[in-house]
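Proteins come first, then strands; the chains are lettered A, B, ... in the order of their sequence lines, and each starts at number 1. We use all heavy atoms of the structure for the numbers below, so side chains are in, but hydrogens, waters and symmetry mates are not. No experiment lies behind these values; they were computed from the predicted model shown.
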2 protein chains.
Amino acid sequence: MKSTASTSEKILDIAQSLIVAGGYNGFSYADISAAIGIRKASIHHHFPTKAELVSVLVSRYRQQTEAGLKSLREEISSPAEQLQSYMNYWHSCIRDASLPFCLCAMLASEMQMLPEEVASRVRAHFHGLAEWLTSVLQAGVEQDLFRLDKRPEEEAQILMASVHGAMLSARAFGDPELFIAIVAPQLASLRISDSRKLRG
Amino acid sequence: MKSTASTSEKILDIAQSLIVAGGYNGFSYADISAAIGIRKASIHHHFPTKAELVSVLVSRYRQQTEAGLKSLREEISSPAEQLQSYMNYWHSCIRDASLPFCLCAMLASEMQMLPEEVASRVRAHFHGLAEWLTSVLQAGVEQDLFRLDKRPEEEAQILMASVHGAMLSARAFGDPELFIAIVAPQLASLRISDSRKLRG
DNA sequence: ATTAGACTACCTACTAGTAGGAAGATAACA
DNA sequence: TGTTATCTTCCTACTAGTAGGTAGTCTAAT
């Protein structure tokens, strides 16, 4: 149940963990070569250039994310809990260093020097995520669970930026609880609390 | 008033702008050489190794920051305005791309792969900043301007992580106003508003 | 006379990327 | 059935260029 991964998938897996650790300029074909035990040239066979390798990687990451978010909306009915579950996912990833860190959060901080083909895919990932968040917020408003100060698209953008910023900070400062400390109050401020509901 | 900068200072200046743009692995001695018109070997004369160059740079950055924060506290009496002024500084830097971006925010996202001597200085910078924020928050509490949910040190840590995360996000998403949108509500939630004061 | 700061010239290690070939699997066909 | 052709995957061996860093020299100011 482990060796079923194809070589190209293994290459992508390793590349992902290397980028998450050290960014786009922080890894080389030689690193991947050493990690999975095939020659550099063989990696070039699967991914002719580095920019292409990372482009494919970001596309895969985006697909996985979209799938995850979709199933999240299908399996959890309450928008509030969908959002909470999304945060919990990242919280657990940050707490347990063996779990993945957000690929695009890392690449985002290098946006300025990424090859354009990579940068545009990173932007696409965030665009998709923002759409998801927007629709969750919108659903929450309709179900009288959330009250927003701004338009849903704006609130989604803020939330997304905040989550990714918090993620980077929590890791940099080596304190996973920072993530929750930053994100939780923002989540709470969206929610129409039970007491507020009862009163209003 | 421009050519008064020594060569080593010029080297540090260029290195800073290069790191801010592309991170630790995103620049080379050759880049600096090309930018200020001296040979690579001459840069090695001033800074034998890259790790040392960046270490000195971070130290300089820390000193500049401490000086700036100190004068901020001297020139502005109200803790609330000190904090506001600190945020405004970064907001204007993000809005105007020609102004500097936070060196340590950038390096923080690469923390895992920085040479230890660099990483420890980055941590030192953040430690100093956290102390400043803590004392401002504390002063604010004593003057009945702020009400904190947690201990001042914790609130300072959260605020610091949040500011730097927001900074990275705002730049990555190319939307300077994201910075304010994330940070302002947090600042507001610390403040005891006039209305609250009148009531309480 | 010493020294700081620049230089030329070089080194080794590593970077992404290429050329060309060997081994095995698959499919086509006589 | 055996044979041939094709495709995939990996390999060895290589390239040009860049990385950080070193050795030794020239020059001008202290």
Side-chain angles (χ1 to χ4, degrees), chain A residues 2-58 60 106-107 110 112-119 121, chain B residues 2-58 60 106-107 110 112-119 121:
Chain A
K2 192 182 178 183
S3 53
T4 45
S6 73
T7 302
S8 7
E9 276 165 352
K10 276 194 242 169
I11 293 172
L12 293 175
D13 291 343
I14 294 291
Q16 180 159 351
S17 69
L18 289 171
I19 289 177
V20 155
Y24 186 87
N25 283 320
F27 82 102
S28 72
Y29 274 46
D31 294 329
I32 301 177
S33 163
I36 65 175
I38 87 173
R39 303 287 125 175
K40 271 192 331 168
S42 308
I43 303 171
H44 279 287
H45 165 75
H46 293 279
F47 305 99
T49 70
K50 191 178 183 180
E52 201 169 309
L53 163 55
V54 179
S55 292
V56 172
L57 175 58
V58 175
R60 185 185 74 158
M106 194 63 197
L107 290 176
E110 305 182 281
Q112 314 209 353
M113 45 127 278
L114 292 179
E116 177 49 33
E117 46 185 315
V118 176
R121 280 165 210 244
Chain B
K2 193 181 178 185
S3 54
T4 44
S6 72
T7 301
S8 7
E9 276 164 351
K10 275 193 242 169
I11 293 172
L12 292 176
D13 290 344
I14 294 291
Q16 181 160 351
S17 68
L18 289 172
I19 289 177
V20 154
Y24 186 88
N25 283 320
F27 83 103
S28 72
Y29 273 46
D31 294 329
I32 301 177
S33 163
I36 64 176
I38 85 175
R39 302 286 129 178
K40 270 195 327 169
S42 308
I43 303 170
H44 280 287
H45 168 74
H46 294 278
F47 304 100
T49 70
K50 190 179 184 180
E52 202 168 308
L53 163 55
V54 179
S55 292
V56 172
L57 175 58
V58 175
R60 185 184 75 157
M106 194 63 196
L107 290 176
E110 304 183 282
Q112 313 208 354
M113 45 126 281
L114 292 178
E116 178 47 34
E117 45 185 317
V118 176
R121 281 166 210 243

Problem - Nucleotide D:dC10, atom C1' - distance to CD1 of A:I11 in whole Å - result: 11 Å
Handout entry: Side chain proximity check, B:V54 to B:L114, heavy atoms < 4.5 angstrom
Key = no
Practice task
Heavy atoms under 4.0 Å is the rule here; annotate nucleotides 11-17 of chain C 5' to 3' with B where the base is hit, S where only the sugar-phosphate is, and - elsewhere.
Solution key: ----SBB
Exercise for the section: Look at B:H45 and C:dG5 and indicate whether a side-chain polar atom (N or O) is within less than 4.0 Å of OP1 or OP2. Expected result: yes
Practice task
Check for a donor-acceptor pair, side chain of B:K50 on one end and backbone N or O of B:N25 on the other, with a separation under 3.5 Å.
Solution key: no
Completion exercise
In B/S/- notation (B base, S sugar-phosphate only, - none; protein heavy atoms under 4.0 Å), nucleotides 24-30 of chain D written 5' to 3' is -------
Handout entry: Minimum side-chain heavy-atom gap A:V20-A:S17 below 4.5 Å
Key = no
Exercise for the section: Find out whether B:F27 and B:I14 are in side-chain contact, i.e. whether some heavy atom of one side chain is under 4.5 Å from a heavy atom of the other. Expected result: no
Problem - Chi angles and distances behind the side-chain contact (heavy atoms from CB on, under 4.5 Å) call for B:R121, B:V118 - result: CA-CA 5 Å; B:R121 281 166 210 243; B:V118 176; 5.9 Å; no
Problem - Whole-Å gap separating P (D:dG21) and NE2 (B:H46) - result: 16 Å
Problem - pair B:S28-B:D31: side-chain heavy atoms closer than 4.5 Å - result: yes
Problem - Nucleotide C:dA6, atom P - distance to CD1 of B:I43 in whole Å - result: 10 Å
Exercise for the section: Mark yes or no for whether A:Y24, through its side chain, and A:M106, through its backbone, hold a donor-acceptor pair below 3.5 Å. Expected result: no
Practice task
Determine: side-chain N/O of A:T7 to OP1/OP2 of D:dT9, distance under 4.0 Å, yes or no.
Solution key: no
Problem - Distance in angstrom units between A:I38 CD1 and D:dC10 P, rounded - result: 5 Å
Handout entry: Donor-acceptor under 3.5 Å (A:E52 side chain, A:T49 main chain)
Key = no
Exercise for the section: Can you measure from CZ (B:R39) to CD1 (B:I32) and round to the nearest 0.5 angstrom? Expected result: 14.5 Å
Exercise for the section: Could you walk me through whether B:Y29 and B:L53 pass side-chain contact (heavy atoms from CB on, under 4.5 Å), step by step? Expected result: CA-CA 10 Å; B:Y29 273 46; B:L53 163 55; 4.0 Å; yes
Handout entry: Contact check, side chains of B:R60 and B:D13, non-hydrogen atoms, under 4.5 Å
Key = yes
Problem - Interface residues of residues 14-26 of chain A with DNA chain C (non-hydrogen, below 4.0 angstrom) - result: none
